[in-house]
Trainee: 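Sharing a structure with you now.
Side-chain atoms are counted along with the backbone in the values below, which use heavy atoms only and exclude waters and symmetry mates. Quick caveat: nothing in here was measured; it's all calculated off a predicted structure.
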Amino acid sequence: MKTTLWTYPWDVRDVGAERAANEIAGTGLQAVSMAATYHCFDQLRPRSKTKILTASRSAAYYTVSSDRFDGPLAPDLSDIMTGAEWSDCVDAFQKAGLGIVAWTLFLHNTHLGSRYPDLVQKTCTGDLLTHQLCPAHPAVRAYAANLAHDIGAQPGVDVLECESLSYGGYGHTHFHPKVGLDLGPGGRYLFSLCFCDACTEGGQSQGVDVDALRDRVSAQVDTVFDRGQPISTPPDELIESIQGLSAFAAWRDSVVTSLVEEVTSASGVPTRLLAMGERETSGLDIAAVASALDAVEYLCYTPDTSQIETTLKTAAAETGSPERVGVGLQAYPPASTDVDTLCRAVETARSCEVGLLSFYNYGIMPGQNLSWIEKALGG
């Protein structure tokens, strides 16, 4: 089973790249998954002298090859650290015998979405989800392929790890949410559907009357806004009951499937995918994309081993093999309240014969928790 530790490059730099690399290698881990691009954040940093770090925009941390990006979209360079510092971290990890996974955020990008509002997802009510670029737009797809190519070509990168390579949902933003009603699972799904120009044209190409569909979806969402009653009907039932939605949903799935294939082809290195978000909302059909990927990773941030086991058995069925399944565990509370809890989670993953085990996250967890990982791995 392959093992890796997620980390932020700025934490590695601030702790000291050589020291961090030796600490991680000493646990028995085989690789690090280091952020090459990332969204904006507020981070509490127990391992660093500066305990709070804020990044106000989505940015790239690696050395961007600007000539690869010939469309309107290109990664914004970080003001937290330089690409040369990112490369220094890579060098330190390699010297310590660790493999390099480039953890990459693709379409969840508030900076680019705010700058190019015509390229983001658009709700049935005409509102823009500025945190989420739309995967159906040709310029967005070109950006994703260019980003994969650029990062895959970076010296030392062994694997590309993809996050937010699908449709995104309403609610996952980077601002203080002010919400006075419950949309319900069905309402969240309907309000997350994209009706931008690219999605409208794409749906119409499949014979869907997208204008009429948008009116039907909007009418249901408006009922929630008017009455405050959530739509409890699950998304899969809504897809079958709302005229035109089944064909539209199938087209959305094809958009994401083809985008994953294009990114995998462009990367030039083995590619992994983080399966995040609800199935219908994301448009991510795991069975359709799994064969092209090194692994599909499922986050199991819970102390409940029965839940972990259920998730991983379902994942094995979706991907076609447990060898293609990766499991993400948190090496700190609340998912791992102590070392024994983490050990049980790891043992459950091993019993499911998954191919990849990843731990979150070097810069977030207390220093002692690296010893938890070492013990869980049998060190």
Trainee: Quick check on side-chain contact (heavy atoms from CB on, under 4.5 Å): which of T4, L377, L357 does L29 satisfy it with?
Mentor: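 Answer to the side-chain contact (heavy atoms from CB on, under 4.5 Å) test with L29 among T4, L377, L357: L377.
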Trainee: For S65, does its backbone N or O pair with a side-chain atom of D150 as donor and acceptor, under 3.5 Å?
Mentor: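 Flag set: sc D150 to bb S65 pair under 3.5 Å.
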Trainee: Is the CD atom of E318 crowded by more than 12 outside heavy atoms at less than 6.0 Å?
Mentor: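 Buried by this count: over 12 neighbours within 6.0 Å.
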Trainee: Give, for atom CE of M365 and atom CZ of R45, the distance between the pair rounded to the nearest 0.5 Å.
Mentor: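 Going from the CE atom of M365 to the CZ atom of R45 covers 14.5 Å.
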Trainee: For C134 versus C196, what's the shortest heavy-atom pair and its separation?
Mentor: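 So the two residues come closest at SG-SG, 3.7 Å.
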Trainee: Any side-chain donor paired with an acceptor under 3.5 Å for D11 and Q43?
Mentor: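 Yes, Q43 and D11 have a side-chain donor paired with an acceptor closer than 3.5 Å.
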Trainee: Quick test of your reading of the model: are D236 and R279 salt-bridged, counting only N-O distances below 4.0 Å?
Mentor: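 So D236 does not pair with R279 through a salt bridge.
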Trainee: Quick one: does any side-chain atom of S56 pair with a main-chain N or O of T54 as donor and acceptor, under 3.5 Å?
Mentor: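 Not confirmed, S56 side chain does not pair with T54 backbone.
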Trainee: Looking only at heavy atoms, what is the nearest atom pair of A148 and F106, with distance?
Mentor: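 Heavy-atom minimum between the residues: N-CE2, 4.1 Å.
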Trainee: Does any part of the side chain of R13, heavy atoms only, come nearer than 4.5 Å to the side chain of I80, both counted from C-beta?
Mentor: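 Of all side-chain heavy-atom pairs linking R13 with I80, at least one is under 4.5 Å.
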Trainee: Would the distance check show the side chain of K375 and the main-chain N or O of V339 forming a donor-acceptor pair, the cut-off being under 3.5 Å?
Mentor: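 Here the side-chain-to-backbone pair does not exist.
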Trainee: What residue among S192, S164, S166 forms side-chain contact (heavy atoms from CB on, under 4.5 Å) with S282?
Mentor: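 Running side-chain contact (heavy atoms from CB on, under 4.5 Å) over S192, S164, S166 with S282 returns exactly one hit, S166.
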Trainee: Within a 6.0 Å radius of atom CD on Q243, are there more than 12 heavy atoms belonging to other residues, nucleotides or ligands?
Mentor: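 Counting other residues, nucleotides and ligands, CD of Q243 stays at 12 neighbours or fewer.
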Trainee: Closer than 4.0 angstrom, basic N to acidic O: yes or no for D209 and R214?
Mentor: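 The answer is no: the pair does not qualify as a salt bridge.
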Trainee: Please determine, by modelled atom types, if S306 and D304 share a side-chain donor-acceptor pair under 3.5 angstrom.
Mentor: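 There is such a pair (donor and acceptor under 3.5 Å, judged by atom type) between the side chains of S306 and D304.
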Trainee: Is the distance between the ring centroids of Y301 and Y332 under 6.0 Å?
Mentor: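 Not under 6.0 Å, so no.
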Trainee: For the residue pair H137 / R141, report whether a side-chain donor-acceptor contact shorter than 3.5 Å exists.
Mentor: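 There is no such pair between these side chains.
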Trainee: Using ring-ring contact (aromatic ring centres under 6.0 Å, His included) as the criterion, point out the one residue from Y61, Y38, Y62 that pairs with W103.
Mentor: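 So, applying the ring-ring contact (aromatic ring centres under 6.0 Å, His included) to W103 and each of Y61, Y38, Y62, only Y38 qualifies.
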Trainee: May I ask you to check whether F191 and F225 place their ring centres under 6.0 Å from each other?
Mentor: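 Yes: the rings meet the under 6.0 Å criterion.
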Trainee: Please check if the number of heavy atoms outside K49 that lie under 6.0 Å from its NZ is greater than 12.
Mentor: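 No - once you tally the heavy atoms of other residues, nucleotides and ligands closer than 6.0 Å, there are 12 at most.
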Trainee: Can you find a pair of side-chain heavy atoms, one from D294 and one from L356, that are under 4.5 Å apart?
Mentor: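 Of all side-chain heavy-atom pairs linking L356 with D294, none is under 4.5 Å.
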Trainee: Between S218 (side chain only) and D215 (backbone N and O only), is there a donor and an acceptor less than 3.5 Å apart?
Mentor: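 Pair absent, no side-chain N/O of S218 close to backbone of D215.
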Trainee: Regarding E323 and K2, does a basic nitrogen lie under 4.0 Å from an acidic carboxylate oxygen?
Mentor: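 Result for this pair is no, no salt bridge flagged.
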Trainee: Donor-acceptor pair, distance only, cut-off 3.5 Å: does the side chain of S267 make one with the backbone of L160?
Mentor: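 The answer is no, because no donor-acceptor pair under 3.5 Å joins these two groups.
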Trainee: Is a donor on one side and an acceptor on the other found under 3.5 Å between the side chain of S258 and the backbone of V255?
Mentor: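 Yes, S258 side chain to V255 backbone: donor-acceptor pair under 3.5 Å.
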Trainee: For T82, is there any backbone N or O sitting under 3.5 Å from a side-chain donor or acceptor partner on E85?
Mentor: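 Such a contact is found between E85 side chain and T82 backbone.
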Trainee: Are the side chain of Q154 and the backbone N or O of T63 linked by a donor-acceptor pair below 3.5 Å?
Mentor: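 Answer holds: yes.
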Trainee: Within a 6.0 Å radius of atom CG on D197, are there more than 12 heavy atoms belonging to other residues, nucleotides or ligands?
Mentor: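 Counting neighbours around CG of D197, 12 or fewer heavy atoms of other residues, nucleotides or ligands fall under 6.0 Å, so no.
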Trainee: Within 45 degrees of the ring normal and closer than 6.0 Å to the centroid, is that where the cationic atom of R188 sits relative to Y170?
Mentor: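 So R188 doesn't make the cation-pi contact.
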Trainee: Indicate whether the side chain of S321 and that of T319 have a donor and an acceptor atom separated by less than 3.5 Å.
Mentor: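 There is no such pair (donor and acceptor under 3.5 Å, judged by atom type) between the side chains of S321 and T319.
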Trainee: Mind checking the CD1-CD1 spacing from I239 to I242? Nearest 0.5 Å is all I need.
Mentor: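 CD1 of I242 is found 9.0 Å from CD1 of I239.
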Trainee: What I want to check is whether the side chains of Y362 and Y8 have a donor and an acceptor closer together than 3.5 Å.
Mentor: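 No, no side-chain donor-acceptor pair sits under 3.5 Å.
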Trainee: Hey, is the main chain of G202 close enough, under 3.5 Å, to the side chain of S205 for a donor-acceptor pair?
Mentor: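 Yes.
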Trainee: Test salt bridge (Lys or Arg N to Asp or Glu O under 4.0 Å) on R47 and E23; report intermediate values, then the result.
Mentor: CA-CA 12 Å; R47 308 182 64 84; E23 283 182 348; 2.6 Å; yes
Trainee: Verify, without hydrogens or angle tests, whether T3 (side chain) and Q30 (backbone) share a donor-acceptor contact under 3.5 angstrom.
Mentor: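 Yes; at least one donor-acceptor contact below 3.5 Å.
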Trainee: Any side-chain heavy-atom pair from Q94 and I100 closer than 4.5 angstrom?
Mentor: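 Side-chain contact under 4.5 Å: yes.
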Trainee: Look up atom OG1 in T104 and atom CD in E161, then write down how far apart they are to the nearest 0.5 Å.
Mentor: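 Going from the OG1 atom of T104 to the CD atom of E161 covers 8.0 Å.
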Trainee: Any ion pair linking R227 and D222 (charged N to carboxylate O, less than 4.0 Å)?
Mentor: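 Judged by the 4.0 Å cut-off on N to carboxylate O distance, D222 and R227 do not form a salt bridge.
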Trainee: Rounded to the nearest 0.5 Å, what separation is found between the CZ atom of R272 and the SG atom of C162?
Mentor: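 Output value for this atom pair is 11.0 Å.
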